[in-house]
Amino acid sequence: MTALPLDPARLRALFPAFAEPSLQGQAFFENAGGSYTAQSVLDRLEHFYRATKVQPYGVYAASIKAGEAMNESFERIGRALNVSADWIHFGPSSSANTYVLGNAFAGWLKAGDAIIVTNQDHEANTGAWRKLSKIGVEVREWRVDAQTGRLSLAALDALLDSKVRMVAAPHCSNIAGEINPVAEIAARARSVGAITVIDGVSYAPHGLPDLAALGADIYFFSTYKVYGPHQGVMAIRPSLAAELPNQGHFFNDTKPRYRLTPAGPDHAQIAASAGIVDYLEAVADLAGDKVEGADPYRRAHAAMRAQEIALATPLLDFLRKKNSVRIIGPDDPAERAPTISVALDEPGAVVAARLAKHGIMAGGGHFYAQRLLEAVGIDPDHGVLRLSFVHYTSPAEIEQLIAALNAELK
Ligand SMILES: Cc1ncc(COP(=O)(O)O)c(C=O)c1O
């Protein structure tokens, strides 16, 4: 394995789960379903519940502190994404957030407009938009290659014209793992006057992106997969957010942060999300001068990606050599996140159950990307085996996984 920029022991000391007695010997390969929570997040959550669990943004000291703790999250999550705080909206989950956005777009688009959706996405970034056909919006499908599960820009180009007002695509598929070229997708959409909605749920755990560089108009992710609490973040270009019709109470129409998240905010979890940024800064510190980047967030991103590429290399080498294994998405670790799905003769969940006996925590199924599985010829009920890890996974856990796969795969 090539040199790791991050010392696994020091990283793992930042997560209570790795010290939890009941989890000893259990190697976690289900991170794409939800990551372990950083101590910095738990500390903020506990502090909020203990010291400031009152109505925020009021006139008394505890209330003012609660509001300040929430504002800190808006500011610092924005900074980590290289956008201003007014881009940031917190809702209950990414699926709930896109559901609300779908309703907002129903009032923003008109019959005869076209939108582009993919069949690579998790249902959260496609079902909500496909429903717009009910109001006469033309839905065009950007389809994956049936063999590899990959999206090509040439296929997107063939769908774009001046009728298209929105392109929805994943930064990274939760099955194919491929890192899609968001900056190119957004530039192409812009060239015909369309906005871009990017699902970053499967990308953000591998380093928060620089949204100014990507150029997407909406970028969303789920903080419970990024070492944080169970929330969904939507970064929305403020000028677009202002154009979208209000989805909240009518008297909140003039409050930008209340218009697109009608669920009452989870104050404590919003405040705790600043702990994600604390964690990213700690990762940048741990990496020291082993990585480059303009700020701690770009350095954390570079360190996390380099770490994951080094860890994924032996696993992909092993999987590539197994004739009974079909890897969905690219097999080059540099082109993908370490969310590695494989199609096997047996159903994914059956093999996952056997891996559990080797102390491997993994899952099988379609993971709500049913359309993608169908597109690459896999029955969603049969499903794939998904092995998903992140930068805190240790080389020893990768070895444990390879040994378990060696014992259980044909
Ligand atoms: C790629 C992707 N998009 C969207 C979602 C939905 O996120 P949430 O659970 O926050 O609704 C998931 C959840 O697994 C996902 O993997």
Side-chain angles (χ1 to χ4, degrees), residues 28-37 41 77 88-103 117-130 142 144 149-151 168-180 182 185 196-209 216 218-235 260-263 265-266 269-270 272-273 276 328-329 336-341 348-349 352 361-373 375 380 383-390:
F28 190 33
F29 284 94
E30 181 79 283
N31 288 276
S35 63
Y36 284 157
T37 313
V41 171
I77 294 268
I88 307 301
H89 304 254
F90 282 92
S93 71
S94 291
S95 304
N97 287 344
T98 55
Y99 181 85
V100 174
L101 278 182
N103 287 333
V117 298
T118 80
N119 61 353
Q120 194 188 53
D121 272 282
H122 180 284
E123 195 61 20
N125 194 35
T126 188
W129 322 130
R130 287 173 195 256
W142 179 13
V144 294
R150 303 177 74 173
L151 289 169
H171 195 171
C172 174
S173 145
N174 66 330
I175 295 279
E178 176 167 29
I179 298 169
N180 289 317
V182 170
I185 295 168
T196 324
V197 181
I198 300 296
D199 178 346
V201 176
S202 271
Y203 186 86
H206 312 290
L208 290 189
I218 300 181
Y219 189 98
F220 67 87
F221 62 95
S222 307
T223 50
Y224 70 95
K225 302 186 198 249
V226 192
Y227 323 112
H230 205 118
Q231 290 279 280
V233 167
M234 291 185 285
L260 297 171
T261 50
D266 187 322
Q269 295 204 66
I270 292 174
S273 295
I276 297 171
I328 311 300
R336 64 173 304 142
T339 300
I340 301 171
S341 303
M361 298 189 274
H366 59 67
F367 302 100
Y368 290 19
Q370 200 161 321
R371 295 173 202 273
L372 173 57
L373 261 63
V384 290
L385 170 69
R386 189 173 71 174
L387 308 163
S388 60
F389 66 90
V390 295

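We count ligands from 1, going down the list as the structure has it; atoms in each ligand are counted the same way.
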With rounding to the nearest 0.5 Å, note down the distance linking OH in Tyr227 to OG in Ser273. 14.5 Å

Which of the ligand 1 atoms, numbered from 1, are nearer than 4.0 Å to a heavy atom of Asn174: 1 (C), 16 (O)

What's the shortest distance from atom 15 (C) of ligand 1 to any protein heavy atom, and which residue and atom give it? His122 CD2, 3.2 Å

Thinking salt bridges, do Arg336 and Glu178 make one under a 4.0 Å N-O criterion? no

Just jot down the ligand 1 atoms closer than 4.0 angstrom to any heavy atom of Ser222, in number order. 7 (O), 8 (P), 10 (O)

Can you tell me how far the CZ atom of Phe28 sits from the OH atom of Tyr36, to the nearest 0.5 Å? 5.5 Å

Ligand 1 contact by Tyr224, heavy-atom criterion under 4.0 angstrom: yes

For Ala124, the atoms of ligand 1 under 4.0 Å from one of its heavy atoms are 4 (C)

Run the side chain to side chain donor-acceptor pair (under 3.5 Å) test on Ser94 and Asn97 for me, step by step, so that the C-alpha distance in whole Å, both residues' side-chain angles and the decisive distance to 0.1 Å come before the verdict. CA-CA 5 Å; Ser94 291; Asn97 287 344; 5.2 Å; no

For the OG1 atom of Thr339 and the OH atom of Tyr203, what is their distance to the nearest 0.5 Å? 12.0 Å

Between Ser93 and ligand 1, find which residue part has any heavy-atom pair under 4.0 Å and reply side chain, backbone, both or neither. both

Out of Thr339, Val233, Asp199, Thr223, the nearest non-hydrogen contact to atom 1 (C) of ligand 1 is supplied by Asp199

Based purely on interatomic distance, does Ser95 place a nitrogen or oxygen under 3.5 Å from a nitrogen or oxygen of ligand 1? yes

Closest approach of Ile77 to Phe90 (non-hydrogen atoms, all atoms of both residues): CG1-CZ, 4.3 Å

Relative to the heavy atoms of Ser202, which atoms of ligand 1 are at a distance of less than 4.0 Å? 1 (C), 16 (O)

Closest heavy-atom contact between Leu151 and Pro170? CD1-CD, 4.2 Å

Are any of the heavy atoms in Lys225 under 4.0 Å away from ligand 1? yes

